[in-house]
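One structure is given below, encoded as structure tokens.
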Protein chains: 2
Amino acid sequence: MSTELNLVTKLKENNINPSLPRIEILEYLYKNRIHPNIEEIYSAISPKMSSLSKATVYNTMELFEQKGIVNGLHIESNEIRYDIRTDRHGHFKCIECGAIYDIEVYDVKSELSTNNLKFAIITEEVNYRGICKNCIEKNNN
Amino acid sequence: MSTELNLVTKLKENNINPSLPRIEILEYLYKNRIHPNIEEIYSAISPKMSSLSKATVYNTMELFEQKGIVNGLHIESNEIRYDIRTDRHGHFKCIECGAIYDIEVYDVKSELSTNNLKFAIITEEVNYRGICKNCIEKNNN
DNA sequence: GTCTCTGCAAATCGTTTGCAATGCT
DNA sequence: AGCATTGCAAACGATTTGCAGAGAC
């Protein structure tokens with residue numbers, strides 16, 4: 001089964017009409033697990049699909065998020081980043097090099113864990129900011 | 001000891017020159033624990049301090065955050081909200097009524113808990129989004 | 001032919017920046 | 001005088017909106 005077919009299947013499984021821009025964007029997301037923002041997605045695909053509009057990238061990512069195949073990541077205040085990995089995990093953003101790392105989150109013990117408060121949780125984000133290992137080592141030289 | 005004096009003391013303790021806008025903003029933050037954004041702070045204080053500029057609110061909040069007397073809350077992608085409560089806790093934002101609730105977070109078990117990865121954590125945010133108790137009840141009627 | 005999807009341009013809005021005016025020591 | 005603080009207006013940048021044209025069934 002070709003990669004292309006997998007992408008189309010993935011879209012159809014999630015009730016998304018598999019148009020060309022949507023296939024391209026989904027492929028990009030699978031191959032570039034860097035929690036990209038809209039600009040990164042757009043400028044990566046735009047060269048091989050010159051008609052692509054940034055508005056389409058916005059539309060598509062909103063659709064993907066609604067359908068649950070990506071999660072929006074609000075670790076920055078000035079942009080949304082997108083994560084194709086949707087199982088529970090957190091993120092660490094290095095304020096020096098800008099890299100975003102996936103962090104395994106095994107358990108969050110909070111008021112909401114017990115459901116005593118009867119709040120209906122739709123999304124959960126665990127975000128850290130700081131200096132990553134690489135940058136700490138770099139700074140020590 | 002008057003409230004005013006407490007505010008000045010608080011600022012001085014944190015090496016902040018207690019100017020009038022800073023005192024007013026700090027007072028607002030203590031009296032209105034609603035995780036306000038810049039606009040809310042500005043429009044609340046502006047009537048009794050007509051010279052106040054929104055730029056000053058931005059400057060002041062950035063300063064307060066640097067000095068550690070407020071935390072920036074990135075639960076929304078399009079704005080920063082500020083929390084005068086700085087001990088460890090999380091937040092729940094109701095996507096229906098917009099209210100932001102403080103949530104007690106007792107423990108977060110993650111890769112970073114063990115410090116094996118030697119990442120230097122500067123901030124931690126635990127953010128939930130969903131429907132709050134009140135709105136769930138309202139919807140059931 | 002209708003309904004969906006896309007692309008372009010303008011508008012919106014939170015935030016940042018540059019700079020002059022003011023205030024404090 | 002010199003440095004910190006403030007205020008105004010313009011600039012910026014991510015996102016949204018309106019709408020017209022293209023595409024699919």
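The chains referred to below are lettered A, B, ... by the order of the sequence lines, with proteins before strands, and numbering in each begins at 1. All values reported here derive from a predicted model rather than from experimental measurement. Computation of the quantities below employed the complete heavy-atom set of this structure, encompassing side-chain atoms and omitting hydrogens, waters and symmetry-equivalent molecules.
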Dump the pairs, protein N or O against N or O of nucleotides 15-18 of chain D, anything under 3.5 Å, distances to one decimal.
residue : atom : partner : partner atom : Å
D:dT15  : OP1  : A:Ile80 : N            : 2.9
D:dT15  : OP2  : A:Tyr58 : OH           : 3.0

Polar atom pairs (N or O), protein with nucleotides 3-5 of chain D, under 3.5 Å:
residue : atom : partner : partner atom : Å
D:dT5   : OP1  : B:Arg22 : NH1          : 2.8
D:dT5   : O5'  : B:Arg22 : NH2          : 3.4

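Using a 4.5 Å cut-off between side-chain heavy atoms of Ile, Leu, Val, Met, Phe, Trp and Tyr, with links allowed through other members, A:Phe92 and A:Ile100 fall into different hydrophobic clusters.
A centroid separation of 6.0 Å or more is found between the aromatic rings of A:Tyr82 and A:Phe64.
As a whole-Å value, the separation of A:Leu52 CG from D:dA22 C1' is 15 Å. Between the P atom of D:dT6 and the CG atom of B:Leu20 lies a distance of 9 Å, rounded to the nearest Å.
Put simply, the side chain of B:Glu111 gets close to the backbone of A:Glu104: a donor and an acceptor are under 3.5 Å apart. Under the 3.5 Å distance criterion, the side-chain polar atoms of A:Glu65 are matched with a main-chain donor or acceptor of A:Gly72.
Taking CZ from A:Phe119 and NZ from B:Lys93, the interatomic distance works out to 13.5 Å, rounded to the nearest 0.5 Å. A distance of 9.5 Å separates CD1 of A:Ile41 from OG of A:Ser43, quoted to the nearest 0.5 Å.
The two atoms that bring B:Arg22 and B:Thr60 nearest to each other are CG-CG2, 3.9 Å, heavy atoms only. Nearest heavy atoms, B:Ile25 versus B:Val57: CD1-CA, 4.1 Å.
Read 5' to 3', the first and last nucleotides of DNA chain C with an atom closer than 4.0 Å to a heavy atom of chain A are C:dC5 to C:dC8.
In this structure, B:Ser53 does not reach the D:dT6 phosphate: none of its side-chain N or O atoms is under 4.0 Å from OP1 or OP2.
Test B:Arg81, B:Arg33, B:Lys54 against B:Glu40 for salt bridge (Lys or Arg N to Asp or Glu O under 4.0 Å) and you get one pass: B:Arg81.
Donor-acceptor pairing under 3.5 Å is lacking for the side chains of A:Asn37 and A:Glu39.
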